[in-house]
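Okay, so here's the structure we're looking at.
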Amino acid sequence: MVRGPRPMPQGQNKTPAIPYASALNPAQYQAVTHPGGPLLVIAGAGTGKTRTLVYRVAYLVEQGVDPRSILLLTFTRKAAQEMMERASQILDARCAMVAGGTFHSFANLILRRYGSHVGYPASFTIADRSDAEDILNLIRTDLGFHKDKARFPKKRALMNIISRAANCQMSVGQVLAQEYPQYEALEPEIEEIARTYARYKEERAIMDYDDLLTKCRDLLRDHPPVRQRLSWTYAHVLIDEFQDTNAVQAEIGAFLASEHGNIMAVGDDCQSIYSFRGADFRNIMDFPKRFPGSTVITLEENYRSTQPILSFTNAIIENAREKYSKRLFTKAEGGAKPIYTRPPSELAQALYVLQRIQTHLQEGVPPHQIAVLFRAGWHSNDLEVLLGKHGIAFVKYGGMKFIEAAHIKDVLAFLKATVNPADTISWHRILQLLEGVGPVTAKRLAENVKEKGLESLVSKSLGKRKYGQSLRILHDTMTQLTTGGEPVSQKIEAVLTAYQPLLEAKYDDAPKRIPDLRSLQLLAERYENLETLLADLTLESPEQALARENGPRHRKDHVVLSTIHSAKGLEWHTVFIIHLVDGHLPSSYSLHDEDAIEEERRLFYVAATRAKCHLYLVAPKVQGQASFYSLATGGPSRFLFEIGRLGKLVRRDDPEAA
DNA sequence: AATGTAAGGATTTTT
DNA sequence: TCCTTACATT
């Protein structure tokens with residue numbers, strides 16, 4: 001690996017347009033003006049991590065680096081977009097040309113171009129999680145292992161095992177030994193399913209989320225000319241949220257930097273919350289080992305939160321079993337202590353939050369500066385109903401996605417099948433919408449289309465079947481879509497025309513679903529290319545796409561509800577953390593494992609550090625007996641109890657007195 | 001082979 | 001509680 005940084009071209013003006021020294025603190029300044037070569041920035045919560053990246057982009061561009069040769073890898077597309085916007089504001093529009101996105105979206109782009117090197121055509125389709133599970137289910141039934149084995153893992157468990165193996169670079173056997181001892185005896189069978197699954201996808205030009213990363217890594221690893229070209233294309237690689245990248249992502253970053261060593265990673269080990277995706281907070285410390293000669297810079301001055309909030313969040317993370325030392329401080333003084341409250345029930349909790357939101361709104365806090373955070377998507381159900389009833393607009397991030405709704409998936413299956421006729425799992429889905437077509441017929445027809453093309457849908461023998469007529473209509477629609485060069489919006493129109501009668505036949509609540517189809521159509525209008533639309537929908541939650549679509553004006557009228565995972569990197573004036581109860585946070589699924597509990601603590605830390613001025617800690621008393629459904633034990637989160645000076649750090653609020 | 005029905009079983013978090 | 005899966009019926 002060539003470590004010597006490529007000399008950076010000097011800008012024309014001797015005096016830079018941006019006053020870096022006065023806009024940044026010394027540590028930030030050092031990071032922003034780093035001459036080149038590997039750089040690790042350990043940035044505590046609220047220490048200006050994003051600011052540093054934004055200025056770094058502007059600095060590089062100002063130095064004369066071609067913005068298109070800067071690659072900014074972030075956790076969500078939205079984050080990249082916002083950073084580029086901010087950089088454009090402090091410098092100029094050139095910053096909007098920076099190549100940015102998630103690892104997955106970047107890999108998608110690269111594989112569209114170079115996929116042939118790893119056995120994929122440019123027209124491959126992406127299977128989301130439920131598509132992937134459907135494939136596994138087909139294989140599972142096909143191979144029939146469940147017949148003689150009692151308790152053979154279901155599609156969901158199979159997916160978890162296979163995905164874990166991909167993300168952690170382990171074999172199926174290792175994953176089983178480590179996490180699924182109950183299935184260890186089934187290793188050969190599960191291995192076979194995994195192999196069949198891989199082959200199935202390859203033969204049909206389908207990639208799942210994990211393939212995007214691993215195939216991209218394989219491409220860079222096994223094809224030096226491609227690696228070299230890409231490395232020179234991206235002369236500066238910037239990676240945000242590095243604590244949540246897994247080994248495959250880190251390898252991709254390393255390969256991209258292999259020619260020049262200009263890799264900058266920013267992250268905070270205390271905020272690592274994606275171990276289920278194969279991230280390990282300790283990895284961040286391997287950076288200097290992986291890139292000898294690294295510069296390491298730590299940012300410790302917090303600009304986000306008031307002192308009382310910071311004292312509290314410092315106390316949370318103090319109890320972490322293992323962390324790299326770093327103590328956040330702020331120069332700001334004053335501010336209110338976090339408020340701790342125990343509503344008598346979950347409903348009372350929703351009422352309490354509603355009332356406090358109303359008060360803050362009256363005080364003039366803009367709606368979009370108020371957020372309610374929680375561990376799992378359904379934790380906000382009560383609150384959503386209540387907010388709706390009281391006319392308070394909200395947006396929700398995380399949890400059940402638009403794209404996961406069955407009717408949206410149906411439409412996307414049509415579109416995927418036109419882009420990639422070999423996508424049998426999409427065909428499988430479409431065909432089963434027809435009356436009289438079940439799993440067996442669908443499978444046979446799908447394989448026929450893959451082997452012999454669309455015409456196989458209208459063979460003479462099929463015409464006599466009762467679903468012959470439906471097949472003919474389907475065939476005509478799909479033929480028109482594959483051959484015609486009409487714009488995306490027209491294609492969608494054609495799909496909807498064909499789909500609407502099927503939707504009405506299949507779902508009792510069809511009228512409720514139709515508006516969603518219109519939203520999808522609206523969303524698609526600005527796309528010129530169907531492949532891009534499909535990739536975007538699969539790789540970025542449409543909520544985010546819609547939020548961007550509607551523009552900032554629209555977003556400002558809404559209070560934010562979000563899972564803690566989706567709140568990463570964001571901040572609000574007022575933050576509520578609800579369901580702060582043992583069994584919810586920490587989640588009951590993590591209680592058996594110490595590492596998992598540690599991660600839950602970091603999750604709590606991430607949530608609490610989102611707050612700038614007001615932080616509410618809401619721990620409702622759980623009523624009723626613990627059923628399978630409600631596993632919470634009812635006591636306040638252990639993370640509160642373990643803070644010795646809790647009484648000094650928070651103010652108690654008795655909701656009944658209010 | 002498709003569809004309807006009853007018992008069984010699992011729930012976080014995301015690209 | 002709700003969704004999936006296995007089984008029985010058409």
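Chain naming here is simple, since letters A, B, ... match the order of the sequence lines and numbering starts at 1 in each.
A/K154 places its NZ atom 10 Å from the P atom of B/dT11, with the value rounded to the nearest Å. Rounded to an integer number of Å, the gap from A/L434 CG to B/dA2 P is 12 Å. What separates CD of A/E435 from P of B/dG4 is a distance of 9 Å, to the nearest Å. Put simply, CG on A/L534 is 16 Å from C1' on B/dT15, counting in whole angstrom units. For the pair A/R77 CZ and B/dT15 P, the interatomic distance rounds to 11 Å; values are reported in whole Å. When rounded to the nearest whole Å, the span between CG of A/N167 and C1' of B/dT13 equals 14 Å. Rounded to whole Å, the distance from CG on A/D244 to C1' on B/dT13 is 11 Å. To the nearest angstrom, C1' of C/dT4 lies 18 Å from CE of A/M159.
Comparing atom distances between the A/P439 side chain and each of B/dA2, B/dT15, B/dT14 picks out B/dA2 as nearest. Of the listed nucleotides (C/dA6, B/dT15, B/dT13), C/dA6 has the atom at the smallest distance from the side chain of A/R140. Comparing B/dT15, B/dT11, B/dT13 by their closest approach to the side chain of A/Y589 singles out B/dT11. When distances are taken from the side chain of A/V440 to each of B/dT15, B/dA2, C/dT5, the shortest belongs to B/dA2. Considering only the side chain of A/R129, B/dT15 comes nearest among B/dT15, B/dT13, C/dA6. Candidate nucleotides B/dT14, B/dA2, B/dT3 were compared by shortest atom distance to the side chain of A/T441, and B/dA2 ranks first. Comparing B/dT13, B/dT11, C/dT5 by their closest approach to the side chain of A/T563 singles out B/dT13. For A/K155, the side-chain atoms get nearest to C/dT5 when compared with the rest of B/dT3, C/dT5, B/dT11. Nearest nucleotide to the side chain of A/R277, out of B/dT14, C/dT5, B/dA2: B/dT14.
Toward the 5′ end of DNA chain B lies the nearest nucleotide of A/G436, the other residue of the pair A/S105 and A/G436 mapping further downstream. With DNA chain B read from its 5' end, the first of the two nearest nucleotides for A/R444 and A/F75 is the one closest to A/R444.
No salt bridge links A/R638 with A/E600; every basic N to acidic carboxylate O contact stays at or beyond 4.0 Å.
When the side-chain nitrogen and oxygen atoms of A/R156 are compared with OP1 and OP2 of B/dA10, none of them lie within a distance under 4.0 Å. Between A/T538 and B/dT15 there is no side-chain polar atom (N or O) within less than 4.0 angstrom of OP1 or OP2.
Ring pair A/F276/A/Y274: centre-to-centre distance below 6.0 Å.
At least one side-chain heavy atom of A/L220 sits under 4.5 Å from a side-chain heavy atom of A/I252. Residues A/L73 and A/Q249 fail the side-chain proximity criterion, which asks for heavy atoms closer than 4.5 Å.
Test A/H104, A/E251, A/M207 against A/L213 for side-chain contact (heavy atoms from CB on, under 4.5 Å) and you get one pass: A/H104.
Among the heavy atoms of the strands, none lies under 4.0 Å from A/F103.
Look at A/F276 and the base of B/dT13; the rings stack, centres closer than 5.5 Å and planes less than 30° apart.
A donor-acceptor contact closer than 3.5 angstrom is absent between the side chains of A/Q243 and A/R602.
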